[in-house]
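Everything on this sheet refers to the single structure shown next.
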Number of protein chains: 2
Amino acid sequence: MLSKNLTAASTRPIILGVLKQGRSYGYLIIKKIKDMSGGKMEWSDGMIYPVLHKLEKEGLIVSDWVMSKDKRPRKYYEITEKGKLELQAEQEQWSQVTAVLDMVWKGQIPKILPDAEV
Amino acid sequence: MLSKNLTAASTRPIILGVLKQGRSYGYLIIKKIKDMSGGKMEWSDGMIYPVLHKLEKEGLIVSDWVMSKDKRPRKYYEITEKGKLELQAEQEQWSQVTAVLDMVWKGQIPKILPDAEV
DNA sequence: CCGTTATACCTTGTACTGCAATGTATATCG
DNA sequence: CGATATACATTGCAGTACAAGGTATAACGG
C-alpha cells in the first residue's frame, strides 16, 4: 500500500507514460498499471478519472469516444505534444528526487557541521 | 523546482534518512539537503518544522534542546527505532513506484488489449 | 554604532486536493 | 437470475502543505 502522497505524485507521470506508448482508455490503463507493478498498485475509478479529466483540461491529453466491438462506448485518451513535454519535465524532477533518495538509502549524507564547530 | 506532490512525498524519507546517519537540527538538515541536491532542493523553515513536529508526534524521532558553542539554543532531532522501521517501509514503497516509473521512462508498457480484441 | 546577513525556531490560515463511495449502464458467465 | 466484469462519472470533505510572518540573537562590514 503506497502512501497517499507517493501515489498522488506518481499518478501523472505514469498515466502520461502509458499514453505516450499508445492511446488507451481508463479501464485498460488501470489494468496496465496493475500489471506493471506486479499487482501492487491498484488504482480505482475514483482515482484515475479525475486525474484524466484534469490532464485533458490542461491540454496534456485529448480524448474521443469510440464504440468497441462489443458495443460498449470507450473514451480513448491520447497524449499531446504538450503532454510529452510535461512528461519530460516530470522525468527530470523524479531524477532529482531519486538522486537524493539514493544517497539516503545508501547512507551517504554529507557531514556538514554547524559553523561554530568548523 | 519540484512539484508540490513530489516534494511532499519525499520530505519524510529524506529527513528520516538524514537523521539515521546522525542526529541533527532543522537548520542544518536544510543545509544538508541543499548540498545533497546540488542546490536544487531549497526547503524553507515553514516547510521543514511542521514535518519535524509531526514526525516527533508520531514517535518516529525525538528531540532535545542543546545550547551550542555560540550560546544559541538548538533543537536536536534523533531517529527512533520506530522511525527506522518507517524509513524501511518508505524505501520499499519508493522502490515499487520507481520500478514502475523506470518502465515508463523506458517505454516498456505492457501491450494489454481489451477483451474483445484478444 | 548601525544596517545587513546569517543563524535558529515557531505558527497558522486557507487554498488546494485526493479519492472512496456512490452512481449509471450493460455484457458475460455459471 | 445473480454475480462478475466491463466502462465512465461525480463529489463532499477530511486532510494538508507551506508561504508568510513572527521572535531572537550573533557575526560582519562600513
Side-chain angles (χ1 to χ4, degrees), chain A residues 1-15 23-35 41-58 61 63-77 97 112-118, chain B residues 1-15 23-35 41-58 61 63-77 97 112-118:
Chain A
M1 194 48 183
L2 298 180
S3 76
K4 187 176 161 121
N5 276 339
L6 198 40
T7 300
S10 60
T11 307
R12 289 164 68 93
I14 291 176
I15 291 179
R23 66 197 249 109
S24 191
Y25 55 98
Y27 190 83
L28 199 63
I29 293 172
I30 289 179
K31 277 187 151 189
K32 294 196 180 200
I33 277 125
K34 184 172 181 180
D35 185 77
M41 294 172 98
E42 280 214 71
W43 294 0
S44 63
D45 297 340
M47 216 200 78
I48 196 175
Y49 288 109
V51 177
L52 284 170
H53 297 164
K54 191 161 188 290
L55 287 171
E56 183 167 26
K57 188 165 188 172
E58 292 173 16
I61 64 180
S63 72
D64 61 284
W65 287 94
V66 172
M67 199 60 82
S68 69
K69 279 174 179 169
D70 57 1
K71 307 295 183 276
R72 299 173 197 280
R74 285 176 183 153
K75 200 173 189 184
Y76 273 88
Y77 293 91
V97 171
I112 300 174
L113 299 174
D115 282 357
E117 295 174 30
V118 172
Chain B
M1 194 45 182
L2 298 181
S3 77
K4 188 173 159 124
N5 275 340
L6 200 39
T7 299
S10 60
T11 306
R12 287 165 67 94
I14 292 177
I15 290 179
R23 66 197 248 109
S24 191
Y25 55 98
Y27 191 82
L28 197 63
I29 293 172
I30 290 178
K31 277 188 152 188
K32 294 196 180 200
I33 277 123
K34 185 173 181 180
D35 185 77
M41 294 173 98
E42 281 214 70
W43 293 0
S44 63
D45 297 341
M47 217 200 76
I48 196 176
Y49 289 108
V51 177
L52 283 170
H53 296 164
K54 191 162 187 290
L55 286 171
E56 183 168 25
K57 187 164 187 170
E58 290 174 17
I61 63 179
S63 71
D64 61 285
W65 286 95
V66 171
M67 199 60 84
S68 71
K69 279 174 178 170
D70 57 0
K71 307 293 185 279
R72 297 173 198 282
R74 285 176 185 154
K75 200 173 189 185
Y76 273 88
Y77 293 92
V97 171
I112 301 176
L113 299 175
D115 282 354
E117 295 175 31
V118 172

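Just so it is clear: chains get the letters A, B, ... in the order the sequence lines come, proteins before strands, and each one is counted from 1. Keep in mind that what you see is a predicted model, and the values were worked out from it rather than measured. Hydrogens, waters and symmetry mates play no part in the numbers below; they use all other heavy atoms, side chains included.
For the pair Ser44(A) and dA20(C), the criterion of a side-chain N or O lying under 4.0 Å from OP1 or OP2 is met. For the OP1/OP2 pair of dC8(D) and a distance below 4.0 Å, the side-chain nitrogens and oxygens of Tyr25(A) include no atom meeting the criterion.
Put simply, the side chain of Pro114(A) reaches to within 4.5 Å of the side chain of Arg74(B), judged on heavy atoms. A heavy-atom distance below 4.5 Å is found between the side chains of Arg23(A) and Val66(A). When side chains are defined from C-beta on, Asn5(B) does not count as touching Arg12(A), because their heavy atoms never get closer than 4.5 Å. The shortest distance between side-chain heavy atoms of Trp43(B) and Val51(B) does not fall below 4.5 Å.
In this structure, Lys69(B) atom NZ and dA8(C) atom C1' are separated by 18 Å, rounded to whole Å. One atom, CD1 of Ile14(A), and another, C1' of dG18(C), lie 15 Å apart when rounded to the nearest Å. Summarising the geometry, the separation between CG on Leu52(A) and C1' on dA9(D) is reported as 12 Å, rounded to the nearest angstrom. Between Glu42(A) atom CD and dA20(C) atom P the separation is 11 Å, expressed in whole Å. If you measure from atom NZ of Lys31(A) to atom C1' of dA5(D), you get 8 Å, rounded to the nearest angstrom. Leu55(B) has its CG atom 15 Å from the P atom of dC9(C), to the nearest Å. Between the CD1 atom of Ile48(B) and the C1' atom of dT11(C) there is a distance of 16 Å, given to the nearest Å. Distance CD1 (Ile29(A)) to C1' (dA9(D)): 15 Å, rounded to an integer number of Å.
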Protein N or O to nucleotides 10-17 of chain D N or O, pairs below 3.5 Å:
unit_1	atom_1	unit_2	atom_2	d
dA17(D)	OP1	Asn5(A)	ND2	3.3

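Tyr27(A) is linked by a ring pair (Phe, Tyr, Trp, His ring centres under 6.0 Å) to nothing, counting only residues two or more places apart in sequence or in another chain.
Nearer to the 5' terminus of DNA chain C, by closest-nucleotide assignment, is the contact made by Tyr27(B) (compared with the other of Tyr27(B) and Trp43(A)).
For the side-chain contact (heavy atoms from CB on, under 4.5 Å) criterion with Met41(A), the lone passing option out of Asp35(A), Ile30(A), Ile14(A) is Ile14(A).
The number of heavy atoms from other shown groups lying within 6.0 Å of NZ (Lys34(A)) does not exceed 12.
The side chain of Arg72(A) sits closest to dT26(C) out of dC8(D), dT26(C), dC9(C). Listed nucleotides: dA7(D), dC8(D), dA8(C). Nearest to the side chain of Arg74(B): dA8(C).
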